[in-house]
Colleague: 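The following block contains the structure, expressed as structure tokens.
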Amino acid sequence: MVEENLRIHTFTDIPSPEIFSSQIEPKNVPAVFKGCIKDWKAFSKWNPSDGGLIYLQERVGSVAVEAMLSRSAPVFYGDIRSHERVPLSFSTFIRYCLGLLKNRDGRRDDFLESQKHSLAVSDTEQTDLHFGEAPQQFYLAQVPILNFEKKERMQLECLGEDIQTPVPLETKSLSSVNLWMNSMKARSSTHYDPHHNLLCIVSGCKEVTLWPPSATPYLYPLPLYGEASNHSSVTLEEPDLSLYPRATCLSDFSQKVVLHAGDALFIPEGWFHQVDSEVLTIAVNFWWRSMTISGMLEHMDAYYLRRILKRLTDKEMGRIRCCIFLQVVWIKL
């Protein structure tokens with residue numbers, strides 16, 4: 001059962017920067033803001049069902065981006081163990097999406113055959129796309145529109161004119177703004193981010209499943225020394241309970257939200273989340289450092305660690321004492 005103070009709230013009135021910073025962000029609990037970005041130019045211009053793909057193709061052109069390619073037909077699974085990153089021109093990705101849009105009701109085999117001829121791979125795309133197998137598993141993930149920490153990585157800076165900083169974040173020092181766009185249905189791996197995140201749906205629909213940081217032991221995060229230490233080891237669709245027995249309790253901690261075009265979701269740092277995206281869903285996310293992390297001085301790390309370990313130890317000892325007490329009572333009865 002999800003604790004009351006961890007329940008996700010939905011706001012139909014968009015909070016001011018002051019309200020967000022003083023009443024929502026400090027709780028470190030996700031929140032949904034309905035219709036948060038409906039005044040963006042991108043909201044009308046990027047819609048794939050209304051000429052948005054042509055607009056994006058003309059706006060961005062053949063800029064080289066990094067795409068993720070998965071072999072998991074017919075759904076893109078973002079599990080880090082089942083995809084690879086490949087260079088791809090933005091226009092090639094858009095042409096493929098246009099083909100999907102036109103052939104949504106057509107035969108897949110005919111469509112794949114046509115794509116072999118219509119999608120010419122540029123010199124920047126040094127990869128075998130395997131069109132006969134799973135080209136529809138391309139996913140543009142975390143492609144920078146703005147990056148205030150690494151400005152040389154702003155591959156899609158031209159799209160910045162179509163979006164604006166959402167009202168709740170107007171006073172924030174942002175780290176980066178990124179584009180997320182999937183051609184077919186997609187599912188991310190279960191992970192947390194080291195930054196606060198506002199996920200904004202420009203077009204399409206996403207379902208997000210979230211777990212609080214307190215559920216970390218049940219999600220078995222990968223080792224700290226690896227490059228994907230913020231990802232869960234558990235395959236949630238079919239968890240191997242012989243390896244991850246605590247995963248049986250995951251449903252006790254999870255919450256789901258469905259986001260439609262115009263909506264935004266605040267995902268605080270440390271919250272594990274898995275994102276399911278419908279076909280041709282486009283999103284933009286904003287990352288910024290939390291006050292907690294910003295205020296942590298490096299020379300205090302050892303002290304912070306001891307304090308946290310002490311609190312966790314005290315909590316676990318309290319749980320053990322409670323179990324022993326209940327066992328004694330049961331024996332006496």
Side-chain angles (χ1 to χ4, degrees), residues 10-17 20 31-63 65 67 76 88-105 136 138-147 154-170 172 174 176-186 197-208 257-267 275-287:
T10 298
F11 296 83
T12 54
D13 294 327
I14 309 306
S16 66
F20 179 76
V32 176
F33 306 120
K34 304 295 289 185
C36 184
I37 62 163
K38 284 190 173 182
D39 58 346
W40 282 8
K41 183 179 178 181
F43 184 73
S44 59
K45 292 289 188 180
W46 297 6
N47 187 344
S49 299
D50 193 24
L53 296 177
I54 296 295
Y55 173 84
L56 287 170
Q57 187 177 44
E58 293 175 348
R59 192 98 168 107
V60 178
S62 58
V63 170
V65 295
F76 178 95
L88 190 73
S89 73
F90 188 83
S91 58
T92 296
F93 176 78
I94 292 297
R95 288 202 305 275
Y96 183 76
C97 291
L98 283 166
L100 287 173
L101 196 61
K102 293 176 182 177
N103 292 273
R104 191 174 284 179
D105 299 322
Q136 69 268 41
F138 283 127
Y139 185 25
L140 298 188
Q142 196 181 327
V143 183
I145 297 174
L146 297 171
N147 191 312
M154 297 190 298
Q155 297 165 311
L156 301 179
E157 187 175 7
C158 60
L159 295 181
E161 297 176 9
D162 292 350
I163 65 176
Q164 58 196 67
T165 302
V167 171
L169 307 187
E170 286 179 346
K172 299 298 178 188
L174 299 173
S176 63
V177 181
N178 308 285
L179 176 75
W180 305 75
M181 185 174 177
N182 54 286
S183 55
M184 297 294 283
K185 285 187 176 182
N197 182 8
L198 190 70
L199 176 63
C200 304
I201 312 303
V202 179
S203 181
C205 178
K206 289 181 182 283
E207 181 181 77
V208 186
V257 297
V258 177
L259 305 171
H260 298 283
D263 296 342
L265 171 65
F266 168 49
I267 307 176
V275 184
D276 288 289
S277 303
E278 288 298 319
V279 174
L280 289 175
T281 293
I282 305 174
V284 172
N285 89 298
F286 296 76
W287 271 321

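This chain uses plain numbering: 1 for the first residue, then up along the sequence.
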Colleague: Can you measure from CZ (Phe266) to SG (Cys36) and round to the nearest 0.5 angstrom?
Modeller: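 Atom-to-atom, Phe266:CZ and Cys36:SG are 12.5 Å apart.
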
Colleague: Closest approach of Val177 and Leu174, non-hydrogen atoms and distance?
Modeller: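 Shortest heavy-atom contact: CG2-CD1, 4.3 Å.
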
Colleague: Can you tell if the side chain of Leu179 reaches within under 4.5 Å of the side chain of Phe90, non-hydrogen atoms only?
Modeller: yes

Colleague: If you define the side chain from C-beta out and look only at heavy atoms, does anything of Asp263 sit under 4.5 Å from Leu265?
Modeller: no

Colleague: What's the verdict on side chain to side chain contact (heavy atoms under 4.5 Å, CB included) for Val60 and Val65, showing C-alpha distance, side-chain angles and the deciding distance?
Modeller: CA-CA 11 Å; Val60 178; Val65 295; 6.0 Å; no

Colleague: Where is the tightest heavy-atom contact between Ala67 and Leu140, given as atom of each residue plus distance?
Modeller: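 Closest approach of Ala67 to Leu140, heavy atoms only: CB-CD2, 3.8 Å.
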
Colleague: Hey, is NZ on Lys38 packed in by over 12 heavy atoms from elsewhere, all under 6.0 Å?
Modeller: no

Colleague: Work out which heavy atom in Val279 is nearest to a heavy atom in Ser183; give both atom names and the distance.
Modeller: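 Where Val279 meets Ser183 most closely, the heavy atoms are CG1-O, 3.3 Å.
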
Colleague: May I have the step-by-step check of side chain to side chain contact (heavy atoms under 4.5 Å, CB included) for Cys200 and Val202, ending in yes or no?
Modeller: CA-CA 6 Å; Cys200 304; Val202 179; 5.5 Å; no

Colleague: Evaluate the side-chain proximity of Asn178 to Val284: yes if any heavy-atom separation is below 4.5 Å, no if none is.
Modeller: no

Colleague: Please report the shortest heavy-atom distance between Ile201 and Ala283, naming the atom on each side.
Modeller: CD1-CB, 4.1 Å

Colleague: Checking side chain to side chain donor-acceptor pair (under 3.5 Å) for the pair Ser277/Lys206: CA distance, chi angles, key distance, verdict?
Modeller: CA-CA 4 Å; Ser277 303; Lys206 289 181 182 283; 2.6 Å; yes

Colleague: Could you tell me the separation between the CH2 atom of Trp287 and the CG atom of Leu146, rounded to the nearest 0.5 Å?
Modeller: 13.5 Å

Colleague: Quick one: do Leu53 and Met181 satisfy side chain to side chain contact (heavy atoms under 4.5 Å, CB included)? Show the steps, please.
Modeller: CA-CA 11 Å; Leu53 296 177; Met181 185 174 177; 3.4 Å; yes

Colleague: For the pair Leu159 and Leu56, evaluate side chain to side chain contact (heavy atoms under 4.5 Å, CB included) and give the outcome as yes or no after the intermediate values.
Modeller: CA-CA 8 Å; Leu159 295 181; Leu56 287 170; 3.8 Å; yes

Colleague: Any heavy-atom pair between the side chains of Val208 and Val258 that's under 4.5 Å?
Modeller: no

Colleague: Minimum heavy-atom separation for Ala261 to Phe43, with atom names?
Modeller: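 Result for this residue pair: C-CE1, 3.6 Å.
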
Colleague: Is the distance from the ring center of Phe93 to that of Phe138 below 6.0 Å?
Modeller: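 No, the ring centres sit 6.0 Å or more apart.
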
Colleague: Determine yes or no for a side-chain-to-main-chain donor-acceptor pair under 3.5 angstrom, with Asn47 supplying the side chain and Ser203 the backbone.
Modeller: no

Colleague: Quick one, Trp46 and Ile163 - any side-chain contact, counting heavy atoms below 4.5 Å?
Modeller: yes

Colleague: Thr281 side chain to Cys205 main-chain N or O, any donor-acceptor pair under 3.5 Å?
Modeller: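 A pair under 3.5 Å: yes.
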
Colleague: Give the minimum heavy-atom separation between Pro166 and Trp40, together with the two atoms involved.
Modeller: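 So the two residues come closest at CG-CZ2, 4.1 Å.
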
Colleague: Is any side-chain N of the basic residue among Lys45 and Asp162 closer than 4.0 Å to the acidic one's carboxylate O?
Modeller: no

Colleague: Could you check whether any side-chain heavy atom of Glu278 comes within less than 4.5 Å of a side-chain heavy atom of Lys185, counting everything from C-beta outward?
Modeller: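 Yes, side chains in contact.
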
Colleague: Within the structure provided, determine whether Asn285 and Leu198 are in side-chain contact (heavy-atom separation under 4.5 Å).
Modeller: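 No; the side chains remain at least 4.5 Å from each other.
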
Colleague: Measure the CZ-CG distance between Arg95 and Leu100 for me, rounded to the nearest 0.5 Å.
Modeller: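 Here the rounded value is 13.0 Å.
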
Colleague: Once rounded to the nearest 0.5 Å, what's the spacing between atom CG of Leu88 and atom OG of Ser91?
Modeller: 8.0 Å

Colleague: Could you tell me if the side chain of Cys97 sits less than 4.5 Å from the side chain of Leu280, heavy atoms only?
Modeller: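 In short, these two side chains touch, coming nearer than 4.5 Å.
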
Colleague: Evaluate the ring planes of Phe33 and Phe11, with Trp represented by its six-membered ring, and classify them as parallel (under 30°), tilted (30 to 60°) or perpendicular (over 60°).
Modeller: tilted

